[in-house]
Protein chains: 2
Amino acid sequence: MERILEADDGDEPTPRGGRIRARNKAHIIAAAEKVFAERGYDGATTAEIAEIAGLAKSNVHYYFGTKEAIYREVIAGIVDLWLRAFGDITANDDPAVAIPAYIRQKLLYSRKRPLASRIFATEIIRGAPILRPFLELELHDWVADKARVLERWAADGKMDPVAPHHFFFLIWAATQTYADFGTQVAAVLGRKRLKEEDFETAIETVTQIVMKGCGIRR
Amino acid sequence: MERILEADDGDEPTPRGGRIRARNKAHIIAAAEKVFAERGYDGATTAEIAEIAGLAKSNVHYYFGTKEAIYREVIAGIVDLWLRAFGDITANDDPAVAIPAYIRQKLLYSRKRPLASRIFATEIIRGAPILRPFLELELHDWVADKARVLERWAADGKMDPVAPHHFFFLIWAATQTYADFGTQVAAVLGRKRLKEEDFETAIETVTQIVMKGCGIRR
DNA sequence: GTCTATACAACGATAGAC
DNA sequence: GTCTATCGTTGTATAGAC
């Protein structure tokens, strides 16, 4: 994973410690997450990142070299989130427990880390130039594995037979929309910003429709 | 609608006919749809739009003035698509017919006009600076109206009581993901590009889960 | 090791040529 | 009416100062 996502560090000997360095890099990454989420990769500028981070523009280039290097580091952090949200769904689990837990976890990430979700979204929309290897390898294999779990559950009568890949596409879409399209959701609900209770209603609604829709008895 | 979306034309007297004009503007809009979809608003350049349109960069500015004017025209066309995909869902309709038709129509747009869907997505992700009035007025009211339809259906025992707004968020997300996240879907399915049959499976799966999940008997 | 002055390419936009 | 030469600004990145 890291091999795929991180830019080639070449032969950098020491990981370069230093308190100032660590703090500045952290500020830059945090600022970059904001800017990349709002402007996309091409639209983001190192000047805006630097301003939010409270540094001079050239200073940002000192720590990261290129804009792409910043982006890759942000993306790497986001993939970590994804992998963690995957949880561990196995054939031994009860779908009546595992699926609601998965939906809840994904939706809570939409609440806690909407910027990360939006950067992931724009990366996919622009054709996933950075994330393509992740999608074709790790994610492809993960879904292939979980597809077997769903087929097992269906064979055991624990759920209806459902096209397993599309089952996950639906859950991902229905949960991430509360981060990526949060603006639209809020506008339609007549709110300025989404509240805690909106996410609770979302969890309930998505869980209810998916569970009953797939014939999983709770 | 048009009042909201179109830039203020001021007091332009004649709509300026001309075959060359019409053809060039059409080329520019088509090219812009591609570039905005891939790069986002900020990342798109008039140079790239011009190159794809087969015109000089300055020529693009001659016809549209500003980059934002091009964007607004592209967005206006996309909103038309949305409004058309809405169809007319009324309390008199049978949900067993109206809902599957709506899902199918939304998914077919993802197949036919993926670029439009992606531009809509990035516009929302960046905070909907252009589309905000549309979201807060037309779309808000449309959903409020359809919410009453769903409550009517539930009261008549034609479907389960479901949080109506979130019902639409789920359908929008689950159908648009095949355009916006087409790259991810294809990668996970192990395909280079999505085929006709992938969309058919998607329609079946989404329809099946939503219908049964909401207790609508077909 | 940290930060800034500066280079130079590409940006959106327009004044003026055809 | 249509198109192009050119402008001022801002983009990423680096060479060199602290």
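First the proteins, then the strands, lettered A, B, ... as listed; each starts at 1.
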A.B. asks: Are any of N24(A)'s side-chain N or O atoms less than 4.0 Å away from OP1 or OP2 of dG1(C)?
C.D. replies: no

A.B. asks: My understanding is that only one of Y102(B), W82(B), Y178(B) makes a ring pair (Phe, Tyr, Trp, His ring centres under 6.0 Å) with W172(B); could you say which?
C.D. replies: W82(B)

A.B. asks: Rounded to whole Å, how long is the line connecting atom CZ of R39(A) with atom C1' of dT10(D)?
C.D. replies: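 After rounding, the reported distance stands at 14 Å.
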
A.B. asks: Between Y71(B) (OH) and dG12(C) (P), how many Å, whole number?
C.D. replies: 15 Å

A.B. asks: Taking atom types as they are modelled, is there a donor-acceptor pair under 3.5 Å from the base of dA13(C) to the side chain of T66(B)?
C.D. replies: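 Answer is no: no donor-acceptor pair is held.
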
A.B. asks: Give T45(A) one of three labels, base, sugar-phosphate or nothing, depending on what nucleic acid heavy atoms sit under 4.0 Å from its own.
C.D. replies: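 Sugar-phosphate: the residue T45(A), judged by heavy atoms under 4.0 Å, touches backbone atoms but no base.
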
A.B. asks: Of the candidate nucleotides dT2(C), dT12(D), dT4(D), which contains the atom at the shortest distance from the side chain of H61(A)?
C.D. replies: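 From the listed options, dT12(D) comes nearest.
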
A.B. asks: Taking any heavy-atom pair under 4.0 Å as a contact, classify A50(B): base, sugar-phosphate, or nothing.
C.D. replies: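 Contact class for A50(B): none.
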
A.B. asks: Looking at dG1(D), I'd like to know if its phosphate oxygens (OP1 or OP2) sit under 4.0 Å from a side-chain N or O belonging to R21(B).
C.D. replies: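 R21(B) to dG1(D) OP1/OP2: no side-chain N or O under 4.0 Å.
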
A.B. asks: Which of these nucleotides, dT2(C), dA13(C), dC3(C), is closest to any side-chain atom of S58(B)?
C.D. replies: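 So the side chain of S58(B) is nearest to dA13(C).
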
A.B. asks: Whole-Å distance between dA5(D) P and L55(B) CG?
C.D. replies: 15 Å

A.B. asks: Mind calculating the distance between OH (Y62(A)) and P (dA5(C)) to the nearest angstrom?
C.D. replies: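 Atom-to-atom, Y62(A) to dA5(C), this comes out as 17 Å.
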
A.B. asks: Please report, rounded to the nearest Å, how far the P atom of dA13(D) is from the OH atom of Y63(A).
C.D. replies: 18 Å

A.B. asks: So what does I20(A) hit on the nucleic acid, given a heavy-atom distance under 4.0 Å: a base, only sugar-phosphate, or nothing?
C.D. replies: sugar-phosphate

A.B. asks: Nearest-Å distance, CG (N59(A)) to C1' (dC18(D))?
C.D. replies: 13 Å

A.B. asks: Given atom CD1 of I70(B) and atom C1' of dA13(C), what is their separation to the nearest angstrom?
C.D. replies: 11 Å

A.B. asks: If you measure from the Lys or Arg side-chain nitrogens to the Asp or Glu carboxylate oxygens, is any gap between E51(B) and K57(B) under 4.0 Å?
C.D. replies: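 No salt bridge links E51(B) with K57(B).
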
A.B. asks: Counting only side-chain heavy atoms from C-beta out, which of dC11(C), dT4(D), dA13(D) sits nearest to K67(A)?
C.D. replies: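 Closest nucleotide to the K67(A) side chain: dA13(D).
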
A.B. asks: Quiz question: going by heavy-atom distance under 3.5 Å, is there a donor-acceptor pair between the base of dT4(C) and the side chain of K57(A)?
C.D. replies: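 It does not, because no donor-acceptor pair links the side chain of K57(A) to the base of dT4(C) below 3.5 Å.
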
A.B. asks: Do H166(A) and V206(B) have side-chain heavy atoms sitting under 4.5 Å apart?
C.D. replies: no

A.B. asks: Any salt bridge linking K34(B) with E38(B)? Criterion: basic side-chain nitrogen under 4.0 Å from a carboxylate oxygen.
C.D. replies: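 So K34(B) does not pair with E38(B) through a salt bridge.
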
A.B. asks: Would you kindly give the CD1-to-P distance between I49(A) and dT10(D), to the nearest whole Å?
C.D. replies: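 In whole Å, dT10(D) P and I49(A) CD1 are 18 Å from each other.
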
A.B. asks: Indicate the atoms forming the closest heavy-atom contact of D88(A) with D93(A), along with that distance.
C.D. replies: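 Minimum heavy-atom contact is O-OD2, 3.2 Å.
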
